[in-house]
Structures are given as structure tokens and as C-alpha cells.
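Remarks on the structure that follows.
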Number of protein chains: 2
Amino acid sequence: MSEKELRRSLSVLPIGTVMKLTDLTARQIRYYEEQGLVLPKRNEGNRRMYSLNDIDRILEIKDFLGEGLNIAAIQAVFAKREAKRKQEQESLAKSISDDEARELLHKEFLNLGGLADNNNPFNNPM
Amino acid sequence: MSEKELRRSLSVLPIGTVMKLTDLTARQIRYYEEQGLVLPKRNEGNRRMYSLNDIDRILEIKDFLGEGLNIAAIQAVFAKREAKRKQEQESLAKSISDDEARELLHKEFLNLGGLADNNNPFNNPM
DNA sequence: GCGTTTATGTTACTTTTTATAACATAAGTT
DNA sequence: AACTTATGTTATAAAAAGTAACATAAACGC
């Protein structure tokens, strides 16, 4: 992990700071966690400690909610993203050629932003 | 102020976090503040809130102490640095030519690391 | 329309964290 | 030997944060 990534993933912020940085209430932030959307670490005294990455995620949740998505939809967005991340990881692990990788990334780019619609039985992307 | 500078100057970390990041006790951190070496902000409830810049400063204090400097010496180091900063600021304000600025920086470079020795009456650098 | 779900507010109570202040002390200095 | 310095320790108060339960407006589903 790079120095920057490490710093961004350090759990150093208490919920009070997160409230200010995101303009959300503690209730909201804890609810998003309850729904599995953020996973802050805990310190020895059981207080939630957030990283900069957590902040980004919470701000994204706030944006999505503001755009009318509900929690389930946001969970789907994150799940999809994670699957993609994992797949890219695997590709890298298998040391595919640069050309193959470029093609893969292109496909992913075309599909970017696609949201799963679990109420539509016809929406079953590959 | 650049985006980066702004983020580094945001007071978002409680003293508990600072303790972990610096491996110092709360007592030590507060003492350095008492001696004017760090100036954390306070939140509405009077709790100290530290920025990344504060952390850097505290780690520097720790290093200096580890190298045998005492608080007064460290105060002198910081004061000198601050004076230098202010002077550079003024030079910039007066819009001196690039050549003059280069020369100034060179002089400062030559003088870098010079510690005031307040017990030596002959040490009175300009 | 009406019952249900969703996201959030509110309240009560407990634990943890932090603040301040005073006293204690080992090591270094004079 | 007395003094200073940096830090430890202890006591006490206040703030922040945790959990849990009940409340509710707005959206949703039928």
C-alpha cells in the first residue's frame, strides 16, 4: 500500500468530526453503518474511528441519497464496484497482457454507472 | 491557500488520536502547548482538536527533545523559522525580482539549521 | 386510502474521553 | 544542596459517544 493510501485509510477521526465534515447527524452516520454502507474501526473504548476513505464514502452516500437513491440501491452500487475491483485484482494477479487489460478496462468504462435494478427481472447484466 | 494546505490545517483530530500517532502521553502534548510550541484549536466543548500540521510539529518537537534540545531551544528554532517565513512573505509582497529572490534563498540556505545560543552574549546574528 | 417501510429525530442512560489543577519526582543544572 | 525541567499521577468535572427504545413524516405497495 502506498504512503498516501495508508494515510487515507488510517482511522483517526471521531464521529463528531465526521458530523462536521459531512454535515450529517450522528444518527444518520450510524444508520449507514447499520446498513453496511460504512465500516469504521473502533478504538479500545468502543468509539467509532473514521478514516478519510470513510469520509469519502459517507459523502458519496449523502450524494446518492440526495439524488433519490435508497439505501438498497446504494448497497448495490457499492457491491457492484467491489465486484469490479475484485475482478480487476484477479486479472492483475493472472498477469494478463497489457492489451487484454486495456480491452477489459474499456468494457468496464462503457458499463460505468450502470445501476442494478432489482425490481426489473429483465435487468440481468451478463 | 491550496486545497492540500487547507486539508492539512483542518483541526479534526482529538488528543487521543494524536497520542497514538506520536506515541506521546496527553501530559506531554499538553505541556508542549503550555510552552507555546503547538496551538491546537478547541471545539465548542473546549476539547483540543489537532490538524495534520500540528502532528508534524509535535513529531518535530519529539525529535528535537530526543536530540537533547530543551523546550527553550525548540522555541528558538520555531521562532527563527517563523521570522524567516515572515521575511520571505514580505519579500514576495514587495515583488522583488527573481534574481534577488534567488540570492535571498541562497543566503537562507547557507544559514539553515543555525541555532540561537542564548547563553552566549556574542551570539547575536544580525 | 391505508397499512408498511424507510430514513431520521428524540430521549434516556451508561461508558469513555478529555480538561484542569495540584502534587510528586527523576535527572540535569547551577 | 537547592533549583529547574519534563513528565507522571491522581482527583474531579464536563463533554462526547455508545446503545436502545420509541416516535414520525414521507414514500411505497396494494
Side-chain angles (χ1 to χ4, degrees), chain A residues 11-51 54-55 57-78 117-121, chain B residues 11-51 54-55 57-78 117-121:
Chain A
S11 298
V12 292
L13 309 169
I15 201 169
T17 292
V18 180
M19 291 172 65
K20 283 176 200 157
L21 294 179
T22 63
D23 201 31
L24 292 169
T25 66
R27 182 70 167 86
Q28 289 174 300
I29 297 165
R30 295 197 198 104
Y31 181 64
Y32 304 154
E33 177 183 355
E34 195 180 313
Q35 301 302 311
L37 294 179
V38 226
L39 300 161
K41 291 269 166 45
R42 300 287 186 120
N43 72 2
E44 320 69 50
N46 197 38
R47 267 86 243 276
R48 292 170 177 83
M49 299 302 284
Y50 297 83
S51 69
D54 288 331
I55 301 276
R57 196 161 241 254
I58 292 171
L59 286 173
E60 230 186 330
I61 296 168
K62 186 184 178 184
D63 276 0
F64 280 140
L65 283 172
E67 293 180 10
L69 299 218
N70 64 17
I71 299 284
I74 299 173
Q75 285 168 343
V77 171
F78 287 162
D117 179 0
N118 293 323
N119 286 336
N120 180 352
Chain B
S11 299
V12 292
L13 308 169
I15 200 170
T17 293
V18 180
M19 291 171 65
K20 284 178 199 155
L21 294 180
T22 63
D23 202 30
L24 293 169
T25 66
R27 182 69 167 89
Q28 289 173 300
I29 297 165
R30 294 197 197 105
Y31 180 64
Y32 304 153
E33 177 183 355
E34 195 180 312
Q35 302 301 312
L37 295 179
V38 227
L39 300 161
K41 291 267 165 48
R42 300 288 185 120
N43 71 5
E44 319 70 51
N46 197 38
R47 266 88 242 275
R48 292 169 178 83
M49 299 301 287
Y50 298 83
S51 69
D54 290 331
I55 301 276
R57 195 161 242 253
I58 293 171
L59 286 174
E60 230 186 331
I61 297 167
K62 186 183 178 182
D63 277 359
F64 280 140
L65 284 171
E67 291 179 13
L69 300 218
N70 65 15
I71 300 283
I74 299 173
Q75 285 168 342
V77 171
F78 288 161
D117 180 359
N118 293 323
N119 285 338
N120 180 353

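Proteins come first, then strands; the chains are lettered A, B, ... in the order of their sequence lines, and each starts at number 1.
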Which residues in residues 43-50 of chain A have at least one heavy atom lying under 4.0 Å from any atom of DNA chain C?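 The stretch gives A:Asn43, A:Gly45, A:Arg47 as the residues lying under 4.0 Å from the strand, ordered by number.
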Sub-4.0 Å heavy-atom contacts from residues 24-38 of chain A onto DNA chain C, ordered by number: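 Those residues whose heavy atoms fall under 4.0 Å from DNA chain C, taken from residues 24-38 of chain A in numerical order, are A:Thr25, A:Arg27, A:Gln28, A:Tyr31, A:Tyr32.
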Please list all pairs passing the salt bridge (charged side-chain N to carboxylate O under 4.0 Å, His left out) test where one or both residues lie in residues 11-28 of chain B, with sequence neighbours left out.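 Every pair satisfying salt bridge (charged side-chain N to carboxylate O under 4.0 Å, His left out) with a residue in residues 11-28 of chain B: A:Glu44-B:Lys20.
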Return each pair, listed once, that meets salt bridge (charged side-chain N to carboxylate O under 4.0 Å, His left out) where at least one residue sits in residues 60-70 of chain A; pairs must be two or more places apart or across chains.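 Listed by first then second residue: A:Glu60-A:Arg81.
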Just the rounded figure in Å: distance from [atom2] of [N] to [atom1] of [X].
X       : N      : atom1 : atom2 : answer
A:Met19 : D:dG18 : CE    : P     : 10 Å
A:Ile74 : C:dT6  : CD1   : C1'   : 12 Å
B:Leu69 : D:dT5  : CG    : P     : 15 Å
B:Lys41 : C:dA19 : NZ    : C1'   : 19 Å
A:Leu65 : D:dA27 : CG    : P     : 14 Å
B:Asp23 : D:dT7  : CG    : P     : 13 Å
A:Arg42 : D:dT19 : CZ    : C1'   : 10 Å
A:Lys20 : D:dA17 : NZ    : P     : 8 Å

Rounded to the nearest 0.5 Å, what separates atom [atom1] in [X] from atom [atom2] in [Y]?
X       : Y       : atom1 : atom2 : value
B:Tyr32 : B:Leu24 : OH    : CG    : 5.0 Å
A:Met49 : B:Thr17 : CE    : OG1   : 3.5 Å
A:Leu65 : A:Ile74 : CG    : CD1   : 4.0 Å
A:Leu21 : A:Ile55 : CG    : CD1   : 5.0 Å
A:Leu13 : A:Met19 : CG    : CE    : 14.0 Å

If you pin A:Gly16 and B:Ile71 to their nearest nucleotides in DNA chain D, which one's is more 5'?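 Closer to the 5' end of DNA chain D: B:Ile71.
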According to salt bridge (charged side-chain N to carboxylate O under 4.0 Å, His left out), who are the partners of B:Arg48, at least two apart in sequence or on a separate chain?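 Salt bridge (charged side-chain N to carboxylate O under 4.0 Å, His left out) list for B:Arg48, sorted by chain: B:Glu33.
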Taking five pairs at each end, how big is the angle between the two axes of the helix from C:dG1-D:dC30 to C:dT30-D:dA1, to 10°?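 Roughly 30°, once rounded to the nearest ten degrees.
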Got a list of side-chain donor-acceptor pairs under 3.5 Å for residues 34-43 of chain B, not counting sequence neighbours?
{"unit_1": "B:Arg42", "atom_1": "NH1", "unit_2": "B:Asn46", "atom_2": "O", "d": "3.0"}
{"unit_1": "B:Arg42", "atom_1": "NH1", "unit_2": "B:Asn46", "atom_2": "OD1", "d": "3.1"}
{"unit_1": "B:Asn43", "atom_1": "OD1", "unit_2": "B:Gly45", "atom_2": "N", "d": "2.8"}
{"unit_1": "B:Asn43", "atom_1": "OD1", "unit_2": "B:Asn46", "atom_2": "N", "d": "3.0"}
{"unit_1": "B:Asn43", "atom_1": "OD1", "unit_2": "B:Arg47", "atom_2": "N", "d": "2.9"}

Counterpart residues, side-chain hydrogen bond (donor to acceptor under 3.5 Å, both in side chains), relative to B:Ser11 (two or more places apart):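 If we apply the side-chain hydrogen bond (donor to acceptor under 3.5 Å, both in side chains) test to B:Ser11, skipping adjacent residues, there are no hits.
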Going by the rule side-chain hydrogen bond (donor to acceptor under 3.5 Å, both in side chains), which residues pair with A:Ser51 if we only count those two or more places apart in sequence or in a different chain?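 For A:Ser51 the side-chain hydrogen bond (donor to acceptor under 3.5 Å, both in side chains) partners, ignoring immediate neighbours, are A:Asp54.
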